[in-house]
Amino acid sequence: MSVTYLEAIREAQTQLLRDDERVFIYGQDIAGKFGGAFKATKGLAEKFPGRVLNTPISEDAMVGTAIGAALEGMRPIVEMQFADFSSIALNQILNNAGTHFFRTNVPVPITVRLPSGGTKGSGPFHSQSMEGLYSHYPGVVVMTPATVEDAYTMLIDAVAIDDPVIYCEHKYLYYHLKADALPKESFPVGKARIVRPGRDLTIVTYSAMVHEALAVANELRNDGFEIEVVDLRTVKPLDTATVLASVARTGRLLAVGEAFPWGGVTAEVIARVATEGFHLLDAAPARINAKDTPIPYHPNLWSEHRPNRKSIAVKARQILAE
Amino acid sequence: MLQAAAGKGKSTTKKTAPARSTSSKPKVHDRYLEAFRWMLLSRILEEKLASLYRGGMIVGGVYLGKGQEAVSAACGMFLQKGDVFGPLIRDQAGRSAFGEPLIDVVRTYLGSVKGPMRGRDGNIHRGRPQENQLAMISHLGAMIPVMVGKLMAKRMKGEKGFVGLTTLGEGGMQTGASHEGLNIAAVEQVPLVVVVTNNHWAYSTPNEREFACANLVDRAIGYGYEGHTIDGTDLNACLEVVETAVKRARAGRPPQLVVAEVLRLAGHGEHDDASYVPPEMKSQPFAQDPVARTEKFILENGLLDANALQQMRAEISRQVDEAVSMAQQEDAPHAREEDWRGLSTSPLIDNPSA
């Protein structure tokens, strides 16, 4: 038996609906036999009548409604059809949910699921990675699971957290990633994980890029380099301590992210290491992001727009040569 | 004289019956006077806040409900325990009628740490969400779906007989968020009343640059609402129409849209002299001062005499002064004592120097 990243998300939601009567799922095309654009809720509307609800194409109102329900004691999960469309709901997520606890002392326990990241042929409006944008604002937790196990346990954790959680699930991993079974225990939220130990270079990354980084680490091992790969898991809060401890071992840092280059998660990682661990660095830190253009449609362009194992390997060799 | 609401569209507002039975008359007078008291409280309190603002004692802004007191008071009057109120910028009368303590208002404007916002937010953004008073954000229309979610959750939990009432201006009605919120409320068939007060100015922008339909209530049918219009300067009409709308929502009818016409009798905020309002508009029927109009009605119909009215004023002024002097003695927030937490979950607070 094996379970995919997408099945893990569906199974987490099944468990949440079964075990917690406060949970309901709200989103576009998620109910009925259809079960969502990616089938993350397939079968759930029939199994849990009245708790998996289709909405109009109204991202702002979907999140606003979830906020109201959360204030009344519920634990809503909002499914955005694509992360890109959550831009319509930025006001509710960041100005309403994200400010509510600070302003009123009443937290807003909503989980917003964002099918994120690029897949072949999806183009500018169905490919975005918005974790950096959400992390810039106060009042939210931003999760970016990279594994089947994390996809499962972190979604369950997200719903248990009293604050708004932006759960960025990577569409490329939906079907590509498989595990033997779902985990019994979860790794703590907010802690990064060293997925591959090394001594020569630290690659800090998250979500789908963890797998690109691991491929690069395997490739460079043939040349005698041992690369440590750190999976941030949640980008906010950012586990600076684990990153610094890794850089202390390797002396070199490469931050990799799929989002746009200006600011964002990789910039934050480098800023923190430069300000808090400058003495640990034996070479200038570097980062790789998507290019600073909209995400292109054609696979020939798209595959070079985002970081890939080739571009990561080139940058890694440069840092190692310093 | 009592003026009936000008029904429009699917409005089913009845004409105010002039010949009520004598037994019901005192009850009608009681609620008329109660509403007037909330209107007067709002007026006197806001005059005090404006004067504190001019004296430099309030930072940020002061936003008055002057001209909207009758319709706002009516919004708070028919809500019961378990109902939810989502007020907006010019709803002091309605907030008070719903049960907001006077001291909450003054503490928030003065930034007292004892107020519900503890100096973290100010003026009209205050609320007590756990007591069903939503805390508005400035982005207009945003509170409509929040209200929808509150009502859906109550229904999911098995509560019965509740309603929600939220307010909006004609300016706020033009945002995309308002459209999404109004629509999703009807899709979810929640027991909701939306009261839109057209005060003719979105800050400095007049109606003809805000919308192009004949009357905003015409949108009711498009959204699947039942629509009502009122002369917002006529307290009796406001009470009748809002009461009807609340009853209908409570009885399981579709969401209710009430559109009241008034003139904003102040600037957008106290920093604004509203010199853009043409003088001829101030003599329009909708430009009447609802407080003065109600007071005149009370005197002409002998509901209270001048002496009793004067006593009511003095009593309210005393309460306002007491609240202000209490809040003025309370601590302001100190940056050093502030915990600077944007999340309730301490272990998940991001800390760059961890």
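FYI, side chains are in, hydrogens and waters are out, and symmetry mates aren't considered; it's all heavy atoms of this structure. This one's a predicted model, so the numbers in the text were calculated from it and none came from an experiment.
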Interatomic spacing from [atom1] in [X] to [atom2] in [Y] - rounded to 0.5 Å:
X: B/H125; Y: A/T99; atom1: NE2; atom2: OG1; value: 9.5 Å
X: B/E188; Y: A/T55; atom1: CD; atom2: OG1; value: 8.5 Å
X: B/N351; Y: A/L238; atom1: CG; atom2: CG; value: 11.0 Å
X: B/I137; Y: A/Q92; atom1: CD1; atom2: CD; value: 6.0 Å

Considering only heavy atoms, which portion of [X] lies under 4.5 Å from any heavy atom of chain A: side chain, backbone, both, or neither?
X: B/R128; result: neither
X: B/M136; result: backbone
X: B/M152; result: side chain
X: B/D339; result: neither
X: B/P129; result: side chain

Top residue by heavy-atom pair count (under 4.5 Å) with chain A, among B/Q130, B/K150, B/M147?
B/K150
Could you tell me which portion of [X] (side chain, backbone, both or neither) has an atom closer than 4.5 angstrom to a non-hydrogen atom of chain B?
X: A/D239; value: neither
X: A/V189; value: both
X: A/V140; value: backbone

Could you tell me if the side chain of A/P56 sits less than 4.5 Å from the side chain of B/I184, heavy atoms only?
yes
Closest approach of [X] to [Y] (non-hydrogen atoms, all atoms of both residues):
X: A/I88; Y: B/E180; value: CG2-OE2, 3.7 Å
X: A/N96; Y: B/M143; value: ND2-SD, 3.9 Å
X: A/R103; Y: B/D121; value: NE-OD2, 2.7 Å
X: B/G181; Y: A/A61; value: N-CB, 4.1 Å
X: B/R341; Y: A/F102; value: O-CD1, 3.4 Å

Mind ranking A/G139, A/G50, A/A271 by heavy-atom pairs under 4.5 Å with chain B and telling me who comes out on top?
A/G139
Will you find, in the side chains of A/D162 and B/T345, an N or O donor that is under 3.5 Å from an N or O acceptor?
no
Which residues from residues 67-78 of chain A are near chain B, with near meaning under 4.5 Å between non-hydrogen atoms?
A/I67, A/G68, A/A69, A/L71, A/E72, A/M74
Is the side chain of B/R126 donor-acceptor paired with the backbone N or O of A/T104 at a distance under 3.5 Å, no angle test?
no
Identify which one of B/L343, B/D350, B/I349, B/L348 satisfies the side chain to side chain contact (heavy atoms under 4.5 Å, CB included) criterion when paired with A/K236.
B/D350
